[in-house]
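Have a look at the structure below, then the notes.
Index from 1, following the sequence.
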Amino acid sequence: MAFYRDQFIQDGLLSMMRNILRFEYQLNNDGSWHSDATVNSKKIEGNKVVCMVNIPNNERTAATITAVRFFDMDNEVAGEKTISLSRTANQTGLIRFDFPLTEE
């Protein structure tokens, strides 16, 4: 039997979704953060918050998205990860972020 009630989990997911403010990314390991990513959608799916984030094309040549991070409503970095997402010239990136809330 689960310790947490379903409504508590749903309330936590709703709070988490509201607390996600914005995303940034790095290109080609250059060390600089780009803040023009756009959150296309935020929704709750089952036991997770799902964010779809558009990373626009800033290069006229191929580039690799090498890191992403997101900020909470206090404008503090809430999460960060190194990735490797290659794209061709003039190609935007659409990234799906899943933030699960589960009982263990």
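Taking 4.5 Å as the limit, some side-chain heavy atom of Arg87 sits within range of a side-chain heavy atom of Ile55. Contact of the Met16 side chain with the Leu101 side chain is registered, since non-hydrogen atoms from C-beta on lie closer than 4.5 Å. A heavy-atom distance below 4.5 Å is found between the side chains of Ser32 and His34. You'll find the side chain of Asn47 stays beyond 4.5 Å of the side chain of Glu103, heavy atoms only. Annotation: side chain of Phe71 is not in contact with side chain of Ser35 (no heavy-atom distance under 4.5 Å). Inter-residue side-chain proximity for Met52 and Leu94 is flagged as met; some heavy-atom pair is nearer than 4.5 Å.
Lys42 places a side-chain N or O within donor-acceptor distance of the main-chain N or O of Met17, the cut-off being under 3.5 Å. Using a distance-only test at 3.5 Å, with no hydrogens or angles considered, a donor-acceptor pair links the side chain of Asp72 to the main chain of Asp74.
Leu13 and Val39 fall within a single hydrophobic cluster, where Ile, Leu, Val, Met, Phe, Trp and Tyr side chains are chained together by heavy-atom contacts under 4.5 Å. In the hydrophobic cluster analysis, where Ile, Leu, Val, Met, Phe, Trp and Tyr join through side-chain heavy atoms closer than 4.5 angstrom, Val49 is grouped together with Ile9.
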Q | Intermediate values then yes/no, side chain to side chain contact (heavy atoms under 4.5 Å, CB included), Thr66 and Thr82 | A | CA-CA 6 Å; Thr66 52; Thr82 300; 5.6 Å; no

Q. Would Leu85 and Ile95 count as a side chain to side chain contact (heavy atoms under 4.5 Å, CB included) if you check the C-alpha gap in whole Å, the side-chain angles of each, and the deciding distance to 0.1 Å?
A. CA-CA 9 Å; Leu85 179 62; Ile95 301 178; 3.8 Å; yes

Q. Ile44 and Gln10: side chain to side chain contact (heavy atoms under 4.5 Å, CB included), yes or no, with the steps?
A. CA-CA 9 Å; Ile44 296 172; Gln10 289 302 307; 3.9 Å; yes

Q) side chain to side chain contact (heavy atoms under 4.5 Å, CB included) between Glu24 and Val77: does it pass, once the steps are laid out? A) CA-CA 10 Å; Glu24 291 183 341; Val77 175; over 6 Å; no

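Judged as a side-chain hydrogen bond (donor to acceptor under 3.5 Å, both in side chains), and not counting sequence neighbours, the contacts of Thr64 are Ser86. By the salt bridge (charged side-chain N to carboxylate O under 4.0 Å, His left out) test, Glu45 pairs with Lys43, Arg96, sequence neighbours left out. A search for salt bridge (charged side-chain N to carboxylate O under 4.0 Å, His left out) contacts involving Arg18 returns nothing, not counting sequence neighbours.
Rounding to the nearest 0.5 angstrom, the gap separating the CZ atom in Arg22 from the CG atom in Asp36 is 11.5 Å. Summarising the geometry, atom CG belonging to Leu14 is positioned 11.0 Å from atom CG belonging to Asn19; distances are rounded to the nearest 0.5 Å.
Listed by first and then second residue, the salt bridge (Lys or Arg N to Asp or Glu O under 4.0 Å) pairs that reach into residues 2-17 come to none, sequence neighbours excluded. A ring pair (Phe, Tyr, Trp, His ring centres under 6.0 Å) check over residues 73-102, counting only residues at least two apart or in different chains, returns the pairs Phe23-Phe97, Phe70-Phe99.
Judged by distance alone, the side chains of Asn54 and Asn40 never bring a donor and an acceptor atom under 3.5 Å apart.
Under a 4.5 Å side-chain heavy-atom cut-off, the cluster of Ile, Leu, Val, Met, Phe, Trp and Tyr residues that includes Leu21 is completed by Met73.
Taking every heavy atom of both residues into account, Ala37 and Pro56 meet most closely at CA-CD, 4.2 Å.
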